[in-house]
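To start, the structure under review is shown below, and the notes come after it.
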Amino acid sequence: AMPPPPKPIATPTPSATQSPAPPPPTPTPKKPSVAAKPQKPGPAKPAVHAGQADENVRRQVAGAPTQQDVALGAESPELRALHEAERDAFPPAGPDLGGVWPNELPAPLFPPSDRPIVHATGAPPAITAPPLPSGEGGKDVSWLSQLTLPDLPVRFEPRVVRYLELYKTDPRARAAIAFWMRRSERYRAIIEPILAKKGMPKDLIWLAMIESGFDPAIRSPAGAVGMWQFMPDTGKSYGLPQDRWVDERMNFELATSAAADFLGDLYRRFQSWDLAMAAYNMGYGGVLNAVRKYNSNDFWTLSTLEGSLPWETTLYVPKILAAAIVAHNPKTFGFDPQAVDAPITFERATVPFNVPLSQIATLAGCTQKELEQLNPELRAGRTPPKDSDVAGATPTETAVAIRVPLGKSAAIAANGSKLKSDDAGLERYVVRFGETLDSIAQSHGTTVDKLMSLNAIAPGEVVRGGALLLVPHAPTITPLANSIDDGKQKPVVVVPSDIFVYPDRKRVFYKVLVGDTLPTIADALKVPVEDLLRWNDLDPSARLTEGMTIQAFVPKDADLSKAVTVAETDVRVLVAGTDDFFTFFEGSRHDGAARKRVLVTAKKGETLDVIGKRYGVSASTMERINRRARSEALGDGEIVVVYVAPDKAPVSQANGKSAPLLQDNTDEPAPLGPLPAAPHPELLPPLQ
């Protein structure tokens, strides 16, 4: 049985989660009208340049990565430079090299043959050079015949040739490739043997270069991490667990092995390295759909068909093939094959769980930075606690292996007893769904800053339910109330007007945190997403906002111990739009401007603006509460809602109290209504 399909991996260009929208087409110049008068030439106007957008402000407004962040994926100066060069060299959805698509050429560029093709087992055969393109546009492409080819099948399609020209002539692309070629030597001796052991073409190493620039710690805004840019679910499916202590997607050895397995599975499905690489980029489900829709399993044909593959994927495969060709022909492209970084070297040492890297560095006689570079998967600056998801420790295990510089493991082995875990003063705590650092710190007698320091929590980082944290021992730990508010007064929650009655269920409330989604809340509360939508006035396509409160009706015996919820008896429930609702929110405002909700009767021709000014209420507020334009003429007798300060509220002359409905007329007194019935004579006071 085949496992469920993993989610696609996000890549720098493009993202596997979504593709950036192509820039709008260049508008066609309008022809001058016959009646238009000729314009006299004037002095040239200076070019107007748009200001640089503040990406930090954009992310704050979005409350998440922006669309551009997600589209670009992992980003670095080199990747950014290559993206800029690509945008100039490849106008979106336009034909390449003289305007001829590959399927419009007179003959196939790479005719079928019966020679062996690289397979997952056995040594690959000798690579024969594919036919050269005909040099559209008068370009001399004879130099292509002198190239040494990689062990990936190559077709000199127009986009491949364009990338080769880009790497050969464009300063931005050349700078990026030179940097990556130099860095590739750090990891080549590690990556290539793993690929070879699994029967993969060694030149798949250049896929990692295009994904991350050989940076094992790079992270994309879409959530892809590491040299091979694994998304969380795909990483877990291929043996790369993650928690807040260790993220094995940054482990350049394990991630390479996982990427080789993933690419091998994709190749076995498609029997085409072009389609396998495309599927690595966009997800194999999308490739399957394109193959079936257009009834073609040729990547280069699919890449020319409207509505087939994403534009970025059509560039992704030729970009990798061209990079592999450059790597085999550095001198042809003007790169010095000797200008490379030294290979990364290390040995392994066994150290206890939950030990700061600073202690290990001191004992080994190296720097903490060296250990961090060798072990980028250690996220918190220490070895993981024994009970962490990634540690994988059994009750009998007491140590974990890490990488250390050559010659340093002996010192650690000889003096390992000096390495002290922080366990003596700390305990492990599993965060409940919906719990915040503030509540955890309060219940454990510490501060948020202390928790962030102990657990290497970055500012703004959201700690999710199920995460394992180290917290200080507290003399007396008061269990955290299963409540959304620790104040003395019951917290207020607002619910829709619909009434739901379930005799076999209980109503609970959950306060939304940053990043929560309906599926994650439904999973934590053990109810269907459809029910949450029914019980709350929610748009399924809109994002939940921090501070919202979700009501749910759960089975009475439901185990919610791993989620922070509050019982119905512990809150004050207000139905939206009721008198109690308006009294609470307008009559007890925190800014001291308490308001009373009253209804007034308008005279013909009056407007919301006029009535609002009479009671000291702004026109914008009048528009908001009455949901109509401020300047719209009102009809005689129309009812208008006004939120007024107590000292400006209209009063009845009968009893001096605010009236629920009064004639809004400053010239005439409001009618008093019918007189009360006459009292019984015997109840009258005696005459004096």
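Each residue takes its place number in the sequence, starting with 1. Excluded from the calculations below are hydrogen atoms, water molecules and symmetry mates; all remaining heavy atoms, backbone and side chain alike, are included.
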### Task
Please identify each residue that fulfils side chain to side chain contact (heavy atoms under 4.5 Å, CB included) with Lys450, with sequence neighbours left out.
Thr446, Thr447, Leu454, Pro472
## Note on the structure
Those residues at least two apart in sequence (or on a different chain) that pass side chain to side chain donor-acceptor pair (under 3.5 Å) with Glu568 are Arg507
### Task
Could you pull out the closest heavy-atom pair between Leu532 and Leu538, with the gap in Å?
O-CD1, 4.1 Å
### Query
Under the side chain to side chain donor-acceptor pair (under 3.5 Å) test, which residues partner Arg534, sequence neighbours left out?
Asp531
### Task
For the residue pair Asn289 and Lys293, establish whether any side-chain heavy-atom pair is separated by less than 4.5 Å.
no
### Message
Tell me which pairs pass side-chain hydrogen bond (donor to acceptor under 3.5 Å, both in side chains) where either residue lies in residues 515-527, with sequence neighbours left out.
### Response
Tyr510-Asp516, Thr517-Thr520
### Task
Considering non-hydrogen atoms only, spot the tightest contact between Asn536 and Thr549 and give its length.
OD1-O, 4.2 Å
### Query
So which heavy atom on Ala576 is nearest to which on Val494, and how close?
CB-CG1, 3.8 Å
### Query
Do you know which two heavy atoms are closest between Trp245 and Leu468, and how far apart they sit?
NE1-O, 2.7 Å
### Query
Partners of Glu546 by side chain to side chain donor-acceptor pair (under 3.5 Å), sequence neighbours excluded?
none
### Message
Taking side chain to side chain donor-acceptor pair (under 3.5 Å) as the definition, give me every residue that meets it alongside Arg244, ordered by chain and number, with sequence neighbours left out.
### Response
Glu461
### Task
State, to 0.1 Å, how close Thr607 and Leu634 come at their nearest heavy-atom pair, and which atoms those are.
C-CD1, 4.0 Å
### Query
Is a side-chain donor-acceptor pair under 3.5 Å present for Ser541 with Asp539?
yes
### Query
Are Val598 and Tyr615 close enough, and set up right, to give a side-chain contact (heavy atoms from CB on, under 4.5 Å), and what steps lead you there?
CA-CA 11 Å; Val598 298; Tyr615 297 105; over 6 Å; no
### Heavy-atom closest contact (Pro555 atom, Lys506 atom, distance)
O-CE, 3.8 Å
### Euclidean distance, Asn626 CG relative to Tyr643 OH, rounded to 0.5 Å
8.5 Å
